[in-house]
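Everything on this sheet refers to the single structure shown next.
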Protein chains: 2
Amino acid sequence: MPFLENIEYDHLIEEFKMVLKNNGLKFTKQREIILQTLYNFQEHFLPEDLYLLIKENNPKSNIGIATIYRTLNLLEESDMVTTISFGKNGKKYELANKPHHDHLICKNCGSIIEFEDRDIERKQNKIAKENGFILTNHVMQLYGICPNCQKNNLNKKVKN
Amino acid sequence: MPFLENIEYDHLIEEFKMVLKNNGLKFTKQREIILQTLYNFQEHFLPEDLYLLIKENNPKSNIGIATIYRTLNLLEESDMVTTISFGKNGKKYELANKPHHDHLICKNCGSIIEFEDRDIERKQNKIAKENGFILTNHVMQLYGICPNCQKNNLNKKVKN
DNA sequence: CTTCGTGCAAAAACTTTGCAAATTG
DNA sequence: CAATTTGCAAAGTTTTTGCACGAAG
């Protein structure tokens with residue numbers, strides 16, 4: 001059994017159980033598998049992706065796509081997952097448990113560098129405050145060409 | 001006739017015509033109205049919003065929703081509009097011709113406030129430079145609860 | 001005139017919902 | 001046990017597509 005002694009994961013499950021308890025909801029096998037899968041694969045999932053991955057990794061669990069949707073909505077409402085939309089692909093879900101990070105993304109090769117900057121975060125909080133917002137999270141992605149790709153060209157479907 | 005001597009708008013149209021010409025496409029009345037509406041209202045539109053607004057402002061044009069979708073996709077592929085996708089509200093489109101700005105988004109009602117911050121931009125450039133990236137653009141979205149939704153206590157369906 | 005674009009309606013894709021049976025607390 | 005959850009299928013939504021006619025170049 002993998003991940004048996006994973007404190008971080010255990011903590012995540014506890015947090016989930018707490019959300020459920022506070023809302024009179026139940027901790028089911030399906031909800032556990034979904035959270036576990038989000039944790040183990042640490043990816044950005046479309047509901048469909050998650051559904052297929054779970055089908056593959058837990059063949060006997062037979063989770064319906066409706067349950068995936070219901071659980072992702074629940075996790076989103078309780079801020080346990082965040083959503084990002086990368087271009088045309090629609091909304092993708094990822095666990096919100098990791099320490100916050102931003103992304104520097106190469107438009108050519110797709111490589112990603114994660115970074116964190118306290119000054120920017122402070123400024124963001126200030127801006128939110130000035131607008132009366134209670135800030136819950138943010139997304140910051142810087143797009144460009146990485147050092148490796150600076151000699152290459154990229155193609156466009158539609159020419160400008 | 002409003003907007004008759006608007007150089008900025010004229011430039012936008014020229015840019016659009018260039019994209020069309022470069023791709024062997026045609027400059028139609030419908031495409032013009034869509035671009036004009038995006039320009040005049042400077043909002044974040046769902047396809048449906050745009051459709052209804054155009055129906056209201058250009059009753060005789062009778063543009064179909066399919067044309068809205070097709071044109072928005074075309075504009076997106078040619079980088080003339082950008083999109084934001086959030087929550088149940090789906091993907092919103094806005095013209096990309098305005099000076100760069102970032103977004104403060106209410107997770108509850110989906111309302112969007114634009115802002116711009118030179119300090120953050122400077123810091124972003126610095127980070128890119130430190131990593132050897134040539135920066136082309138960025139996306140920064142701050143998510144939270146807007147003053148109005150805080151007041152109405154609508155902000156949490158699920159308790160943590 | 002030739003090619004592309006459009007509206008319409010139908011189809012596809014995506015998401016939610018009603019329900020009876022199963023599971024959880 | 002009572003209450004919630006589930007899978008399924010059906011019902012909503014949203015977005016795309018096929019087609020015949022109209023418009024643009």
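Treat the numbers as computed from the prediction; the structure is a model and nothing was measured. A note on names: the letters A, B, ... follow the listed sequences, proteins ahead of strands, and every chain is numbered from 1.
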N/O (side chain, [X]) to phosphate O (OP1/OP2, [N]) under 4.0 Å:
X	N	value
A:N62	D:dC8	yes
A:N73	C:dT15	no
B:T28	C:dT6	yes
A:Q30	D:dG7	yes
B:Y69	D:dT16	no

Take atom [atom1] of [X] and atom [atom2] of [N], then tell me their distance rounded to the nearest Å.
X	N	atom1	atom2	result
A:Y93	C:dT15	OH	P	7 Å
A:K55	D:dC8	NZ	C1'	12 Å
A:L72	C:dT16	CG	P	10 Å
B:L75	C:dG5	CG	P	13 Å
B:L46	D:dT14	CG	C1'	11 Å
A:I63	C:dT23	CD1	C1'	14 Å
A:L20	C:dG25	CG	P	9 Å
A:I68	C:dC14	CD1	C1'	14 Å

query: With the threshold set at 4.0 Å, does a side-chain nitrogen-carboxylate oxygen contact exist between B:E76 and B:K91?
result: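 So B:E76 pairs with B:K91 through a salt bridge.
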query: Under 4.0 angstrom, heavy atoms only, what part of the nucleic acid is A:I65 near: base, sugar-phosphate, or nothing?
result: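 Here A:I65 touches no strand at all.
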Considering only side-chain heavy atoms of [X], which listed nucleotide, [options], is closest?
X	options	answer
A:K26	C:dC8, D:dC8, D:dT5	D:dT5
A:A66	D:dC8, C:dC8, C:dG5	D:dC8
A:R31	D:dT6, D:dG7, D:dA3	D:dT6

- request: For A:R70 and for B:F27, find the nucleotide of DNA chain D with the closest heavy atom, then tell me which residue's nucleotide is more 5'.
  value: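 The residue closer to the strand's 5' end, by nearest nucleotide, is A:R70.
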query: Is there a salt bridge (Lys or Arg N to Asp or Glu O under 4.0 Å) between A:E14 and A:K21 once you walk through the steps?
result: CA-CA 10 Å; A:E14 285 317 307; A:K21 176 171 266 184; over 6 Å; no
query: With the 4.5 Å side-chain cut-off for hydrophobic clustering, are A:L135 and B:M140 part of the same group?
result: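 Same hydrophobic cluster.
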- request: Step through the shown structure and confirm whether more than 12 heavy atoms of other residues, nucleotides or ligands are within 6.0 Å of NE2 on B:H101.
  value: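 Count over threshold, so yes.
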- prompt: For B:G24 and B:Y51, take the nucleotide of DNA chain C holding the closest heavy atom to each; which residue's nucleotide lies nearer the 5' end?
  reply: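 Its nearest nucleotide being more 5', the pick is B:G24.
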- request: Report yes if the distance between the aromatic ring centroids of A:Y93 and A:F45 is under 6.0 Å, otherwise no.
  value: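 For A:Y93 and A:F45, the ring centres are not under 6.0 Å apart.
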